[in-house]
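For reference, the structure discussed in these notes is given below.
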Protein chains: 4
Amino acid sequence: MRAERKEREFNLRRAAILQEAEKIFSAKSYHDVTVAEIANASGFAIGSLYQFFESKEHLYTTMISEKLDLMYAGIRAEVNSVKDVLAKIARLVEAHLMFIENNTDFCRIFLRGENDALSEMMTSLREKLIDDYFNHIAFVEGILKTGIKNGLLRSLPAHAVGSALIHLIRSAASEWMLRPSGEALLAKKDFILDIFFNGVKKHD
Amino acid sequence: MRAERKEREFNLRRAAILQEAEKIFSAKSYHDVTVAEIANASGFAIGSLYQFFESKEHLYTTMISEKLDLMYAGIRAEVNSVKDVLAKIARLVEAHLMFIENNTDFCRIFLRGENDALSEMMTSLREKLIDDYFNHIAFVEGILKTGIKNGLLRSLPAHAVGSALIHLIRSAASEWMLRPSGEALLAKKDFILDIFFNGVKKHD
Amino acid sequence: MRAERKEREFNLRRAAILQEAEKIFSAKSYHDVTVAEIANASGFAIGSLYQFFESKEHLYTTMISEKLDLMYAGIRAEVNSVKDVLAKIARLVEAHLMFIENNTDFCRIFLRGENDALSEMMTSLREKLIDDYFNHIAFVEGILKTGIKNGLLRSLPAHAVGSALIHLIRSAASEWMLRPSGEALLAKKDFILDIFFNGVKKHD
Amino acid sequence: MRAERKEREFNLRRAAILQEAEKIFSAKSYHDVTVAEIANASGFAIGSLYQFFESKEHLYTTMISEKLDLMYAGIRAEVNSVKDVLAKIARLVEAHLMFIENNTDFCRIFLRGENDALSEMMTSLREKLIDDYFNHIAFVEGILKTGIKNGLLRSLPAHAVGSALIHLIRSAASEWMLRPSGEALLAKKDFILDIFFNGVKKHD
DNA sequence: GATGAATGAGCGTTCATTCAT
DNA sequence: GATGAATGAACGCTCATTCAT
């Protein structure tokens with residue numbers, strides 16, 4: 001059908017813009033990026049962008065939001081593909097690290113602005129980000145709780161432990177992005193899991 | 001002497017402006033804050049701000065920079081005031097948490113990490129921030145290395161472990177700032193240390 | 001072609017702005033003219049001016065520079081259209097006077113000489129102005145030297161004589177602009193030539 | 001008397017300020033000079049300048065005006081000290097050149113802004129400058145008329161001839177200021193007089 | 001009287017958004 | 001639909017002038 005084709009094309013163009021926007025927003029702060037710049041990079045006229053996105057702000061929040069949804073969905077799918085609790089945790093770390101490694105541009109924005117506080121009008125994005133973050137923690141929490149129930153994990157407050165795990169991952173990611181060493185980020189997986197599972201104290 | 005008094009007054013006003021700026025910058029992003037707003041909030045005329053700070057950018061970077069120096073210095077002083085390695089680590093966590101608790105506005109800006117990607121002229125701030133961050137990690141690293149030598153800690157890459165510890169603290173801080181529960185942040189100290197030292201796995 | 005039409009229109013608008021700017025700059029000093037004023041007078045929005053000219057300074061220097069080029073080119077073309085030395089000199093005076101008469105606004109700025117000492121960024125305009133001036137004198141010098149060689153003119157330092165001639169013209173122009181008498185400026189031509197050629201002393 | 005001493009001191013300070021102002025205004029345009037700069041250079045506090053001059057504008061116009069009065073008065077005194085018409089003219093040229101040579105800073109301002117067109121509020125200065133200029137021309141005119149009556153000079157419109165003479169002087173001065181050659185400006189006296197009296201045409 | 005910190009109107013410039021083509 | 005020139009509100013910053021000390 002004609003309309004379908006239209007829509008398919010529309011979505012392709014839209015995605016192309018989002019992709020360029022991602023690159024550009026990753027290099028400078030929101031306010032240092034101009035709409036003209038994005039239009040130019042994505043090969044559209046300025047006015048045309050406004051057919052895809054209501055405003056610069058919408059473009060930005062959409063880009064962040066959609067990509068983030070993808071990330072969370074992808075990670076959860078990975079995690080859900082294994083059954084064992086410890087394996088799930090390992091997959092979680094792995095999936096996180098891989099996403100970061102494959103989406104450095106995007107992560108530079110997002111990790112930079114941990115839950116962010118942009119324009120007063122962007123409150124809804126901020127809220128979504130926080131919600132998504134807490135949803136994700138809740139997802140991790142669920143796994144941890146199973147682990148605790150199974151006697152695999154110590155009986156600690158699962159929410160806080162989930163948060164700790166996510167931040168351990170972030171720790172490795174920050175290092176990797178701030179001080180590129182050539183080594184794959186994924187290589188940090190075992191280290192993260194080791195610390196997370198065993199802590200740093202020597203037990204005789 | 002007259003000049004002394006002058007200088008004292010100058011510094012008081014300067015500090016007052018920085019304090020207001022901190023509040024304001026914590027609520028919105030750099031670009032959404034106007035100089036007029038800061039001037040107004042701190043009870044000065046627009047032009048007067050420019051006697052204390054060369055530009056909006058200088059005001060911002062100074063605020064971040066000075067406060068951060070204070071934070072790092074304070075934390076290290078606390079840590080240095082005890083001798084035992086494990087006590088040092090405990091103090092580190094405690095001092096971090098207390099600073100965050102007492103400087104929520106500031107930390108909202110700083111943890112937000114927006115500092116990463118502002119104007120190209122702010123590169124020097126970004127560099128300082130990263131330097132300071134790595135210096136701090138190096139400081140923690142030193143403590144950890146002693147602990148490893150003493151046989152108190154497992155023999156893990158100290159830099160990465162230091163980074164992990166800092167992010168564990170950040171994990172608790174994010175939770176606390178994002179979901180205020182009324183509970184003091186400091187209450188998370190033992191939990192952080194527990195995870196950090198022992199990990200989450202149950203060892204029989 | 002479409003692009004051609006675009007460019008033609010662009011140049012028309014650009015010229016219209018320059019024309020208005022000329023009028024406005026002729027009435028007050030550079031710093032007393034606002035961009036808003038020029039925009040308003042030429043029927044554009046403030047921002048639109050910036051599509052034609054990088055900055056207020058560029059607008060100003062462009063206006064001066066282009067018009068001056070036109071003036072010098074026009075005068076030389078006139079002069080070159082006759083062969084005889086004395087006729088060339090007469091044409092030079094005539095062309096100068098006519099340009100001034102037809103471009104009073106512009107000359108008010110230019111003769112005012114304010115261009116000398118504006119912003120340090122305008123050094124290049126000042127240098128161009130001085131260069132152009134000396135080039136023009138050199139052009140006149142060339143004619144005078146021929147006249148001297150031909151035995152038509154006294155053997156005097158040609159550069160200084162050229163400068164004298166230009167200032168004699170300027171003398172008449174100043175009078176005419178400062179004390180408008182209704183008489184055409186061109187009417188002064190013979191007087192200027194008489195003084196220039198014969199001096200004021202009575203020779204018996 | 002006390003009051004006299006006061007006034008003497010006041011005038012000295014005032015003169016000192018005017019002198020510094022002259023230097024500073026000669027280097028940049030009116031708007032690029034700040035009151036603080038003049039205050040600083042003359043060793044007074046900003047506020048103190050306002051006891052001597054109502055405003056920046058008054059300071060500027062006063063400086064121009066007083067110095068110009070001095071110039072005209074000095075030149076006329078010189079000219080009046082000789083009786084013969086031709087000698088008077090020679091003295092006029094000489095005195096002009098000497099003033100310019102001894103007051104290059106000032107002349108850079110004044111010659112730059114031939115009759116000027118500064119702020120709309122400076123109309124009165126502009127008017128005074130024009131008046132003074134025409135008065136001076138009138139003075140020269142008087143001499144020339146005597147010369148004509150005496151049969152020494154050709155019977156030309158005296159006003160225009162006066163203006164021509166002044167511009168001939170200006171011609172030499174411009175050259176000298178724009179292209180410093182090390183030679184004294186005064187050296188141009190004979191050349192100016194030669195052109196003025198005899199013109200450039202060779203008469204057999 | 002002397003001071004210079006404080007003032008704030010007013011500047012040049014940018015850029016998200018619109019709309020005539 | 002697609003375009004990009006036109007718009008103008010809003011910004012950071014300057015500096016002549018004032019006035020409390």
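None of these values were measured; they are calculated from a predicted model. Here is how names work: the chains are called A, B, and so on, in the same order as the sequence lines, proteins then strands, and each is numbered from 1.
- Atoms OH (C:Y50) and P (E:dG12) sit 7 Å apart, rounded to a whole Å.
- Applying the side chain to side chain contact (heavy atoms under 4.5 Å, CB included) criterion to C:K67, with sequence neighbours excluded, gives C:E22, C:F99, C:N103, C:F106.
- Checking D:T34 against B:T34, the closest nucleotide of DNA chain F that is more toward the 5' end is the one next to B:T34.
- With rounding to the nearest 0.5 angstrom, the CZ atom of A:R126 is 12.0 Å from the CG atom of A:D131.
- Rounded to whole angstrom, the span from the CZ atom of A:F53 across to the P atom of F:dA2 amounts to 14 Å.
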Next item on the list: Under the side chain to side chain contact (heavy atoms under 4.5 Å, CB included) rule, what do C:L49 and C:S42 come out as? Steps first, then yes or no, please.
Entry: CA-CA 9 Å; C:L49 288 207; C:S42 48; 4.2 Å; yes
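- At whole-Å resolution of the value, OH in A:Y30 and C1' in E:dT14 are 15 Å apart.
- At least one donor-acceptor pair closer than 3.5 Å links the side chain of B:Y30 to the backbone N or O of B:E57.
- Atom-to-atom, CG of D:D32 to P of F:dC15 comes out at 8 Å; the value is rounded to the nearest Å.
- For B:Y50, the side chain to side chain contact (heavy atoms under 4.5 Å, CB included) partners two or more places apart in sequence, or in a different chain, are B:V35, B:I46.
- Classification of the B:F25-B:Y60 ring pair by plane angle, with boundaries at 30° and 60°, yields perpendicular.
- Going from atom CG of C:N40 over to atom C1' of E:dG10 covers 16 Å, rounded to whole Å.
- For C:K28 and E:dC11, the NZ to C1' distance is 13 Å, given to the nearest whole Å.
- Sparse packing is recorded around CD of C:Q19, with 12 or fewer heavy atoms of other residues, nucleotides or ligands lying under 6.0 Å away.
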Please write out each protein N/O paired with an N/O of nucleotides 3-7 of chain F under 3.5 Å, distance rounded to 0.1 Å.
unit_1	atom_1	unit_2	atom_2	d
F:dT3	OP2	A:S48	OG	2.7
F:dG4	N7	A:G47	N	3.0
F:dA6	OP1	C:R13	NH1	3.0
F:dA6	OP2	C:Q51	OE1	2.8
F:dT7	OP2	C:A45	N	2.8
F:dT7	OP2	C:S48	OG	2.6

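- In this structure, NE2 of D:H31 is placed 11 Å from C1' of F:dA16, rounded to the nearest angstrom.
- The CD-C1' distance, from C:E37 to E:dG10, rounds to 13 Å in whole Å.
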Base-pair string, DNA chain E, Watson-Crick plus G-U, cut-off 3.5 Å on both distances, | for inter-strand, is .||||||||||||||||||||
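- The side chain to side chain contact (heavy atoms under 4.5 Å, CB included) search around A:A41 returns A:E20, A:I24, not counting sequence neighbours.
- Evaluation of the side chain to side chain contact (heavy atoms under 4.5 Å, CB included) rule for A:R14 yields A:F10, A:N11, A:L18, A:F52, A:F53, A:T62, A:E66 as partners, not counting sequence neighbours.
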